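Take a look at the structure set out below.
Note that this is a predicted model, so its numbers are computed, not measured. The first residue in the sequence is number 1, and the count goes up from there. Numbering of ligands and ligand atoms starts at 1, following listing order.
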Amino acid sequence: MQIKKTEFITGMTQKGASLRHEIPQIAFIGRSNVGKSSTINALANNKNLAKTSSYPGRTQQINIFLINDSTYFVDLPGYGFTKTSKSVRESIGELIDWYFLDSGYEPMVIALIVDANVGPTESDVAMLNYLEESDRNIIVLANKIDKIKQSEYVKKIRKVEEFAGKNTVIPFSAEKKKGITEFFQEAF
Ligand SMILES: Nc1nc2c(ncn2[C@@H]2O[C@H](COP(=O)(O)OP(=O)(O)OP(=O)(O)O)[C@@H](O)[C@H]2O)c(=O)[nH]1
Ligand SMILES: [Mg+2]
């Protein structure tokens with residue numbers, strides 16, 4: 001997929017948004033700081049599109065981007081970050097619930113991003129189970145492969161594959177732009 005046009009549409013802090021139902025969505029979800037916004041920027045080939053930060057919990061709303069006038073990229077807030085206040089965690093949980101359960105939108109693909117170097121965590125397992133409660137097209141992106149020591153690469157990718165079960169795993173690096181072609185092939 002050749003990206004010709006990228007556009008920020010809206011940041012939803014509350015439930016409710018009027019997106020065009022005929023435009024397919026790709027939703028990006030994962031723990032805080034795992035690289036969701038960086039992944040969107042790498043795929044869109046625009047490093048300034050989604051705001052990234054080394055400080056976890058940067059994205060506390062649902063940011064919507066329109067790619068080539070034909071696909072929405074949905075940047076969901078990160079889960080599993082214990083250092084934010086309880087009320088922030090609750091509002092993030094409510095937004096995620098709203099998007100997946102009540103919004104009326106059904107993403108064509110969900111990219112569940114995990115940190116391949118750290119490995120899938122309990123909160124990742126909980127999120128995958130949650131997503132799998134409905135029949136959904138999930139791709140697991142094993143991000144940050146550039147941080148993995150060569151000698152541990154096979155073992156760490158296998159861990160992500162075990163976690164993913166029947167879902168496709170794509171080794172990925174938003175930083176080094178690895179796995180982009182593979183992702184687009186799988187998603188479209
Ligand atoms: N080495 C490496 N660092 C990465 C990669 N992807 C993201 N990062 C770094 O991880 C940090 C978090 O990236 P973000 O894209 O802001 O993460 P996020 O998942 O959107 O975070 P929240 O919005 O807080 O949930 C930043 O410092 C990025 O530079 C990668 O593939 N490799
Ligand atoms: Mg983010």
Side-chain angles (χ1 to χ4, degrees), residues 3 6-13 25-67 72-100 107 109-128 130-131 138-150 152-153 156-157 159-160 163 169-184:
I3 308 287
T6 57
E7 195 182 346
F8 173 68
I9 300 295
T10 185
M12 297 189 266
T13 49
Q25 303 185 9
I26 300 181
F28 297 84
I29 180 107
R31 275 190 306 113
S32 190
N33 218 38
V34 78
K36 296 172 295 296
S37 303
S38 303
T39 294
I40 286 178
N41 290 346
L43 293 170
N45 199 24
N46 178 347
K47 63 177 166 32
N48 300 315
L49 189 62
K51 288 197 182 66
T52 65
S53 167
S54 55
Y55 180 77
R58 178 68 185 79
T59 314
Q60 296 185 355
Q61 51 188 15
I62 303 180
N63 287 316
I64 311 285
F65 305 93
L66 182 59
I67 309 299
Y72 287 122
F73 282 6
V74 179
D75 189 6
L76 288 152
Y79 56 79
F81 182 54
T82 50
K83 283 188 190 135
T84 41
S85 70
K86 192 167 173 242
S87 66
V88 167
R89 268 180 287 144
E90 278 172 2
S91 65
I92 285 174
E94 277 178 27
L95 262 185
I96 293 174
D97 274 345
W98 169 76
Y99 178 73
F100 285 113
V109 172
I110 299 170
L112 173 59
I113 307 179
V114 300
D115 186 321
N117 191 40
V118 171
T121 66
E122 265 175 46
S123 59
D124 292 326
V125 172
M127 179 51 71
L128 182 59
Y130 169 90
L131 294 173
I138 300 166
I139 299 173
V140 176
L141 286 184
N143 192 33
K144 307 199 185 185
I145 53 167
D146 58 285
K147 290 177 97 174
I148 303 179
K149 273 196 250 155
Q150 191 63 40
E152 297 191 329
Y153 185 82
K156 289 196 169 176
I157 295 298
K159 273 248 161 84
V160 179
F163 157 79
V169 173
I170 297 179
F172 200 85
S173 169
E175 176 111 349
K176 302 277 185 235
K177 300 201 168 191
K178 294 258 169 71
I180 289 170
T181 314
E182 292 80 353
F183 177 78
F184 281 132

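- Note: an N/O pair closer than 3.5 Å links Val34 and ligand 1 by distance alone.
- A donor and an acceptor atom, one from each side chain of Asn117 and Tyr153, are nowhere located under 3.5 Å apart.
- Considering backbone and side-chain N/O of Asp75, none are found under 3.5 Å from N/O of ligand 1.
- Heavy atoms of Lys147 found under 4.0 angstrom from ligand 1 belong exclusively to the side chain.
- With respect to Asp146 and Lys178, no salt bridge is recorded, no charged nitrogen being found less than 4.0 Å from a carboxylate O.
- Only side-chain heavy atoms of Asp146 come within less than 4.0 Å of ligand 1; its backbone N, CA, C and O stay farther off.
- If you number the atoms of ligand 1 from 1 as listed, the ones under 4.0 Å from a heavy atom of Lys36 come out as 15 (O), 17 (O), 18 (P), 19 (O), 20 (O), 21 (O), 22 (P), 25 (O).
- The nearest pair of heavy atoms linking Pro77 to Gln61 is CD-O, 3.5 Å.
- Not a single N or O atom of Phe172, backbone or side chain, sits closer than 3.5 Å to an N or O atom of ligand 1.
- Shown are Ile26, Ile9, Ile67; of these, the side chain to side chain contact (heavy atoms under 4.5 Å, CB included) with Tyr72 is made only by Ile9.
- A 6.0 Å sphere centred on NZ of Lys47 holds no more than 12 heavy atoms belonging to other residues, nucleotides or ligands.
- Aromatic ring orientation, Phe100 versus Tyr130: perpendicular (interplanar angle above 60°, classes split at 30° and 60°).
- Polar contact with ligand 1: present for Asn33 (N/O pair, distance under 3.5 Å).
- Within the 4.0 Å heavy-atom criterion, the part of Asn143 lying near ligand 1 is the side chain and not the backbone.
- Just one residue in the list Leu76, Ile96, Ile92 forms a side chain to side chain contact (heavy atoms under 4.5 Å, CB included) with Ile62, and that residue is Leu76.
- Heavy-atom proximity to Ser38, at under 4.0 Å, picks out these atoms of ligand 1: 6 (N), 7 (C), 13 (O), 14 (P), 15 (O), 28 (C).
- Within ligand 1, counting atoms from 1 as listed, the ones closer than 4.0 Å to a heavy atom of Gly78 are 25 (O).
- Looking at Glu175 next to ligand 1, an N or O pair under 3.5 Å apart turns up.
- Not one N, O or S atom of Asn63 sits under 2.8 Å from the Mg ion (ligand 2).
- Between Phe73 and Phe28, the ring center distance clears the sub-6.0 Å criterion.
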